[in-house]
4 protein chains.
Amino acid sequence: MTIQEPVTARPAGRPRSEKAEKAIIEATLDLIGDGMGVAELSIEAIASRAGVGKTTIYRRWSNKEELVADALATLKAPLPPLAGVSVRDDLISLLNAMREDKDRSRTRCVMNVMMSDADRYPALMERFRKVAIEPRKEAMREVLRRGIGTGELRADLDVEMGMAILSGTMIWYTKWASGDLPEDLPERIVDHVLPGLAA
Amino acid sequence: MTIQEPVTARPAGRPRSEKAEKAIIEATLDLIGDGMGVAELSIEAIASRAGVGKTTIYRRWSNKEELVADALATLKAPLPPLAGVSVRDDLISLLNAMREDKDRSRTRCVMNVMMSDADRYPALMERFRKVAIEPRKEAMREVLRRGIGTGELRADLDVEMGMAILSGTMIWYTKWASGDLPEDLPERIVDHVLPGLAA
Amino acid sequence: MTIQEPVTARPAGRPRSEKAEKAIIEATLDLIGDGMGVAELSIEAIASRAGVGKTTIYRRWSNKEELVADALATLKAPLPPLAGVSVRDDLISLLNAMREDKDRSRTRCVMNVMMSDADRYPALMERFRKVAIEPRKEAMREVLRRGIGTGELRADLDVEMGMAILSGTMIWYTKWASGDLPEDLPERIVDHVLPGLAA
Amino acid sequence: MTIQEPVTARPAGRPRSEKAEKAIIEATLDLIGDGMGVAELSIEAIASRAGVGKTTIYRRWSNKEELVADALATLKAPLPPLAGVSVRDDLISLLNAMREDKDRSRTRCVMNVMMSDADRYPALMERFRKVAIEPRKEAMREVLRRGIGTGELRADLDVEMGMAILSGTMIWYTKWASGDLPEDLPERIVDHVLPGLAA
DNA sequence: ACATAATCGAGACGGTACGTCCCGTCTTGTT
DNA sequence: AACAAGACGGGACGTACCGTCTCGATTATGT
């Protein structure tokens with residue numbers, strides 16, 4: 001009688017260092033958070049800051065995109081708590097969360113990459129969409145669906161379209177408005193958009 | 001009575017070749033149009049394709065950003081002709097123009113860069129905003145103002161906000177929707193947004 | 001009792017390739033042998049002919065001088081066999097060796113550089129002196145000392161001066177005589193000089 | 001009856017500026033005197049130091065060699081006055097002149113170029129030989145011939161060979177001796193060589 | 001006096017090579 | 001087998017000069 005084998009057989013040799021892996025991802029996020037675009041990121045800079053050989057990076061990720069995708073994936077999108085009382089208040093909370101991200105050093109990575117490197121690195125975007133964008137979209141969809149249920153929004157509302165309008169407008173300001181964003185921007189957006197979506 | 005001398009006298013030495021300048025900008029746009037991002041662009045590739053020495057580029061532009069900005073600045077944004085009958089139709093035309101640009105090889109440059117390289121190269125964006133984005137924004141503002149005048153839109157409408165909602169939504173789809181954009185997307189956006197802006 | 005560790009431990013990382021080093025030096029000598037002066041030598045040409053990246057050259061030598069010095073240092077001066085019978089015959093052999101070097105393709109490097117680039121690149125010269133000039137000087141000194149011992153040369157002869165006279169005269173002809181050197185030049189030099197040095 | 005034409009008709013147009021020509025040659029000699037080898041000399045540096053356009057240089061000389069040759073040709077070889085009493089004293093004077101040149105800033109050009117750039121630029125050397133080397137050789141030949149006449153030197157002396165021995169030895173020390181040259185070097189050379197040439 | 005014409009300075013032109021940086025791969029000895 | 005260290009061939013960077021080529025301005029001569 002033999003000892004029970006583990007389900008996935010452990011390969012021979014020294015196991016990969018979790019410490020190295022973490023250091024690499026930390027270094028990557030640090031550099032992105034410092035304002036570096038994906039294209040400017042150099043593997044050598046990451047390896048150096050992580051105190052790691054380049055091989056240790058290439059062994060895990062075959063290119064920069066995948067490394068960045070994994071790095072960003074570790075940043076759970078921290079959604080704001082929603083009061084759940086009125087659709088209007090919850091939407092304002094969600095839009096506010098998008099704005100505030102711009103100033104938080106680590107979570108800023110998400111915005112940095114989403115805004116800058118989106119369609120240059122499609123594979124990155126695909127993975128990134130799942131962990132960072134979809135949860136936010138889903139939260140907003142949820143609010144909109146609830147609004148339809150409570151009758152605050154019209155029954156034939158295209159939920160996807162509603163989300164696009166609200167998020168797209170917020171991003172437009174984030175990206176192309178001159179000067180700082182006004183404090184009450186989310187409120188004003190919702191008040192302009194909501195009447196068109198209401199019953 | 002003598003003729004007034006021009007304020008800025010012609011500088012000494014051989015004047016810079018307009019031909020070379022054009023060739024450089026053509027080459028730059030060709031490469032961007034071929035799908036190359038600003039980061040992937042190499043000055044050597046531009047010089048080679050333009051049949052020009054690297055010096056001739058560096059003499060005029062001190063870095064890639066400024067070259068790309070000038071190159072894009074030569075692409076006048078070709079606004080669609082507006083029927084001027086109804087606000088709804090004109091807005092649909094303008095949104096359609098944003099989408100169609102993605103497929104026209106040369107003008108595609110504008111979208112390529114605007115979408116990908118915007119905030120990695122802020123100086124680029126600043127110059128680019130003036131020649132490519134502002135005219136489109138102004139055209140849309142004009143339509144909205146006309147709508148207020150004719151009573152199609154409510155009198156207290158925030159024109160800037162209206163523009164942000166329409167353009168932002170369109171860009172949201174362009175960038176983050178999965179799959180191709182539906183033929184009637186501009187129409188559907190306008191129909192979801194307009195009721196909120198109407199009188 | 002343990003074995004003594006070597007004083008300088010092997011440095012970390014992949015060791016430098018001896019093959020590359022050899023290829024670089026071969027390429028350098030080839031190009032010099034083809035009549036190229038040190039100033040005309042381009043690192044890129046060497047790298048290309050050696051099938052090597054420029055970095056691999058700069059990693060080893062910080063400038064052309066040092067590379068050329070090392071390259072020439074690999075060319076051991078092939079001294080002619082000396083009969084050892086009479087001082088006169090041996091001196092003629094040594095002078096002949098200086099002349100013949102001019103025509104052998106690889107060893108020609110030595111003369112090329114010694115004659116052309118000597119005091120433009122003093123560091124080069126210093127290293128080169130040790131491996132290429134000194135052995136020849138020493139051989140000639142040896143012959144002269146032997147001559148003093150056998151009484152063929154006068155006892156108070158300044159060996160260094162004797163060497164300078166013989167070599168200097170030969171080089172003078174090599175460098176500034178018009179036309180080809182006569183076959184019996186070494187013989188004639190020795191016959192003009194030796195009487196002054198003889199007992 | 002017509003006015004007497006000058007022998008060489010003056011061509012139409014603005015005549016070449018002698019001032020520019022002088023400035024160019026001065027600048028060239030300055031740079032060579034500052035220790036710059038012919039290969040390191042850049043036309044642009046000469047033009048800049050002379051306050052002259054590059055065209056003005058290329059109009060007169062088709063390459064660096066010819067410019068340097070002409071520049072050096074303006075430096076008349078300043079031969080030492082010879083006492084004419086004994087062959088020994090005159091030869092010592094001539095050898096001393098070779099050594100002293102090394103320290104005089106402008107005349108140093110002659111040595112610099114003769115020693116360093118001789119056979120890399122054969123055309124240069126050819127012209128240079130005429131104005132700088134030949135007069136010195138001729139002076140030495142003259143002394144040797146006089147010595148044959150007075151019976152101080154043997155009648156069958158090869159004058160050319162005598163010259164080669166004396167000059168070659170001196171240059172050998174100049175070039176390859178370590179440390180400074182001893183004050184009495186010319187004297188010692190002559191005393192080692194002369195017995196072999198004497199009657 | 002005025003047109004003609006070669007030369008002047010300045011500096012742009014298409015090139016070549018420089019020495020540096022980083023790429024992604026590869027080889028070391030050690031863990 | 002994975003690790004850090006670091007060398008490898010390669011490609012682009014931005015700079016310095018090359019020798020050639022315009023420019024407008026200058027300076028002579030021949031009408």
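Order of the sequence lines fixes the chain letters, A, B, ..., with proteins taken first and strands second; residue numbering starts at 1 for each chain. Small disclaimer: the values here were computed from a predicted structure and weren't measured.
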Report yes if a side-chain nitrogen or oxygen of [X] is closer than 4.0 Å to either non-bridging phosphate oxygen (OP1 or OP2) of [N]; otherwise report no.
X: A:T56; N: F:dA4; result: yes
X: A:R59; N: E:dG24; result: no
X: A:S42; N: E:dC21; result: no

Of B:I57 and C:A12, the one whose closest DNA chain E nucleotide lies more 5'
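It is B:I57 whose nearest nucleotide is closer to the 5' end.
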Need to verify one output field. Residue with the more 5' nearest nucleotide on DNA chain E, D:R16 or A:I43?
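With D:R16 and A:I43 compared, the 5'-side residue is D:R16.
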Passes side-chain contact (heavy atoms from CB on, under 4.5 Å), B:L67 versus B:I46? Steps please.
CA-CA 10 Å; B:L67 166 55; B:I46 295 173; 3.8 Å; yes
Name the nucleic acid region contacted by B:T55, choosing base, sugar-phosphate or nothing; use a 4.0 angstrom heavy-atom cut-off, strictly under.
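Base, at least one base atom sits under 4.0 Å.
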Find the distance [X]:[atom1] to [N]:[atom2] and express it as a whole number of Å.
X: D:R49; N: E:dG9; atom1: CZ; atom2: P; value: 17 Å
X: A:L41; N: E:dC21; atom1: CG; atom2: P; value: 19 Å
X: D:E40; N: F:dA16; atom1: CD; atom2: P; value: 17 Å
X: B:I46; N: F:dC13; atom1: CD1; atom2: P; value: 8 Å
X: C:N63; N: E:dA17; atom1: CG; atom2: P; value: 19 Å
X: C:K19; N: E:dC26; atom1: NZ; atom2: C1'; value: 12 Å
X: D:E44; N: F:dT15; atom1: CD; atom2: C1'; value: 12 Å
X: A:K64; N: E:dC23; atom1: NZ; atom2: P; value: 7 Å

Per the atom types in the model, does the base of E:dT28 pair as donor or acceptor with the side chain of C:R14 at under 3.5 Å?
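Looking at the base of E:dT28, it does not pair with any donor or acceptor on the side chain of C:R14 (distance under 3.5 Å).
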Hey, is the side chain of B:K54 pairing donor to acceptor with the base of E:dG15 inside 3.5 Å?
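There is none.
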From A:K19 atom NZ to A:E26 atom CD, the distance as rounded to the nearest 0.5 Å
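Those atoms lie 13.5 Å apart.
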Nearest-0.5 Å distance, NZ of residue C:K54 to OG of residue C:S42
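So the gap between those two atoms works out to 9.0 Å.
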I'd like to check D:T74 versus D:L29 (side-chain heavy atoms, cut-off strictly below 4.5 Å). Are they in contact?
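Yes, their side chains come closer than 4.5 Å.
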So C:I25 and C:K22, do their side chains get closer than 4.5 Å, heavy atoms only?
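When only atoms from C-beta onward are counted, C:I25 and C:K22 do not touch, as no gap falls below 4.5 Å.
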Which residue lies toward the 5' end of DNA chain F, D:S62 or A:S17, if each is placed at its nearest nucleotide?
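That would be A:S17.
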